[in-house]
Amino acid sequence: MPRLIIVSNRLPLSVIREGGEVRLEQSTGGLATGLAGPHEQLRGLWVGWPGSTEALSEDERARITRQLTEQRAVPVWLEPDDVRRFYEGFSNGVLWPLFHYLVDQMPLHVRDWGAYERVNRRFAEVVAAHHRPGDLVWVHDYHLMLVPQLVRELVPGARIGFFLHIPFPASEVFRTLPNREQLLEGMLGADLVGFHTAAYVRHFGASLLRILGVAVDVDRVRVGERTVRLGVFPMGIDAARFARLAADPEVASEVSALRGSGECAVLLAIDRLDYTKGIPRRLLAFDSLLRRHPSLRERVRLIQVAVPSRTDVGAYRKFRHHVDELVGRLNGAFATPHWVPVHYIYRGLSEREVVALYRATDVMLVTPLRDGMNLVAKEFVATRTDEDGVLVLSELAGAAAELAEALHVNPYDVDRTSEIYYHALTLPAEERRARMLGLRRRVTTYDVGHWVRSFLGALEEATGASELADSPPSRAATPPAVVERLRAAAHLLLLLDYDGTLVPHASVPELATADEPLLDLLRTLAARPRTAVHVVSGRSRESLERWLGRLPIGLHADHGFWSRPAGSATWVPRQLPPMEWRERALGILEQAAARTPGSLVEHKTVSLAWHYRMADPEFGAAQANELRLHLTELLSNLPVEIVPGDKMIEVRPHGVHKGVIVPALLAEMPPDTAIAALGNDPTDEDLFSALPPDAVTVHVGPGSSRAQIRIASVTEARRLLAAIVADSRSHR
């Protein structure tokens, strides 16, 4: 296996100062525990923040760095203000609540994006400084969503995986986020993006489509020349280790003390004190249980462990006060001299104490309002080697997709949840055992080792496959070499598509106006000695005349049906093909436009186009597939072809395509002319195929193409053309 570089917000070791002494302490948490084994076995590096270090002297920092290096941990040193704004401000003040669907917890003004971007860049720089060819880079969680793309910019050939440990929200929620485009693009810098559940993958795909206009093909998405894989990898735990802890004699002794006579059933909940964990609603459900079933009073108790979390964040301080009030009110209403209904513990517990509680409880309550996975549920199951106990699990936790034998609840339905509590307390022993056996099989089989192996295996497979998939379809040619060749040519012919190549796609066709920088670029290209510039578009001649008519360049509209030579004001048509199909096709397209809000029909001289760029992306894509099949069936015997484009479908006569202009243009040029053609969609493939084999063909954006070269965007296309001009300017 190659070396693994793990990248996470925190290192598995934290800097601690006690009594004037500075030392390193092992961090707790699912990620630190789960990846400790792979980190050791693969002799890799772990990149992360070591904790607050502003009070360290230079000697102390140097000593800590040496100690970290000995354990193959690479510290990312951060300024205190950046830590506060990156961690508390943006990561946990904006991303955390929004990804958990608690939009009301977001600040009115998002101010800390700059710090988030700055810290992500610092992490990427540290990774790049330690990267060696062949390494696997595994970036973790919402704190570092920009890191994959930033690492790729610094180390273009890096093999990068990204895993999100919290939910990815539905696209309607994600779209409310400022800087949403940059976050998606950051994640797409990875070769493999992993999530806990299939639902999160679907939500991510919907956001890519709605925000970036990038469609997911089953489990992958094309980004420029790269293919990014998407996958479902539910995180497991070290189940064998928890089973060993459960068998410890000290744990058994603690279980006996907790159970006492066994006459009082135990409900247990262990959470970080976080507003996503559903603690208030859980307490209200317990209150409802005691009111609906008075016979349970003094016969059941709830142990609620709340581990302090993000105590410097105002929302969390307010939340703690709310929970304290609810516990006090509930105990005040029901407590007797012999019994307190809620045992509330506000501190972290040792691992042995937690395992003892797992073993002592009758019913485990894991009822977050939303959770990426929730490993507490799996830890509880792993410790129950006695095959007893009941798990009550929120259907809004990622673990619910795996743990089918749990009793699932909707945490927002307090009354129904209280009845599930009662059902859990009264389950027959045989059913408890049957449910627990099923849960244990799953938790012990799909443990953390399986999670790591499956993700890293998929990452190696993805990077191996992408190396093949991303190879140029013909001879190797890099843009710098291409520019040099075009600059040196005795004569140059440029054939340029318009939409998606020279200008970004517009929401409606009429808005795709040429901006001044583009007009200036085209003028300069046309003024370059021995250079002929032609724009070849599916647009109508009226549109091209309005936008580009004053330029000394050749214009070709309606896929080459209309042509206007450079220096002329006259448009020359080709022979009009049979058009008896037009009315029939127009009726079908207008029906599709009526059924698809946001779509429209564009009328051209010889073709018709149905555009759905403003329609709902998913609905529009489904309607486009249906329309394409419908047109193919109804027009199959007519002299037309159905051509899909970028968010459009066009019906055009046979023989009218962009390639028809090539013979006449080549006849006008000297034999030593170099040819370059740029385009972005299937209609440009006709142009590419009509050119001589030595022509330079460039595909702009995603999608398959016969072109020799692929570039990412309109910006890159303009940059390529500007590089040709730059040479001529420098020699004037």
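Numbers here simply count residues along the sequence, with the first being 1. Just so you know, these numbers come straight off a predicted model, no measurement behind them.
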Can a salt bridge be assigned to the pair Arg281 and Asp413 using a cut-off of 4.0 Å between side-chain N and carboxylate O?
no
So, do [X] and [Y] sit near enough that their side-chain heavy atoms are less than 4.5 Å apart?
X	Y	result
Asp271	Gln304	yes
Ser8	Trp138	no
Phe242	Val381	no
Val47	Ile6	no

On the ring face of Tyr346, is Arg320 found with NZ or CZ under 6.0 Å from the centre and within 45° of the axis?
yes
Is a donor on one side and an acceptor on the other found under 3.5 Å between the side chain of [X] and the backbone of [Y]?
X	Y	answer
Asn120	Tyr116	yes
Arg229	Arg220	no
Arg3	Gly44	no

With under 30° as parallel and over 60° as perpendicular, where do the rings of Tyr87 and His143 fit, or are they tilted in between?
parallel
Parallel, tilted or perpendicular: ring planes of Trp451 versus His140, cut at 30 and 60 degrees:
tilted
If you look at every heavy atom in [X] and [Y], which pair is closest and at what distance?
X	Y	result
Ala400	Ser394	CB-O, 3.5 Å
Gly372	Tyr200	O-OH, 3.1 Å
Phe99	Pro167	CD2-O, 3.1 Å

Residue pair Glu25, Ser14: steps toward the side chain to side chain donor-acceptor pair (under 3.5 Å) verdict
CA-CA 5 Å; Glu25 184 177 89; Ser14 298; over 6 Å; no
Do Phe195 and Phe163 have ring centres separated by under 6.0 Å?
no
To the nearest 0.5 Å, what is the distance between CD on Glu185 and CG on Leu212?
5.5 Å
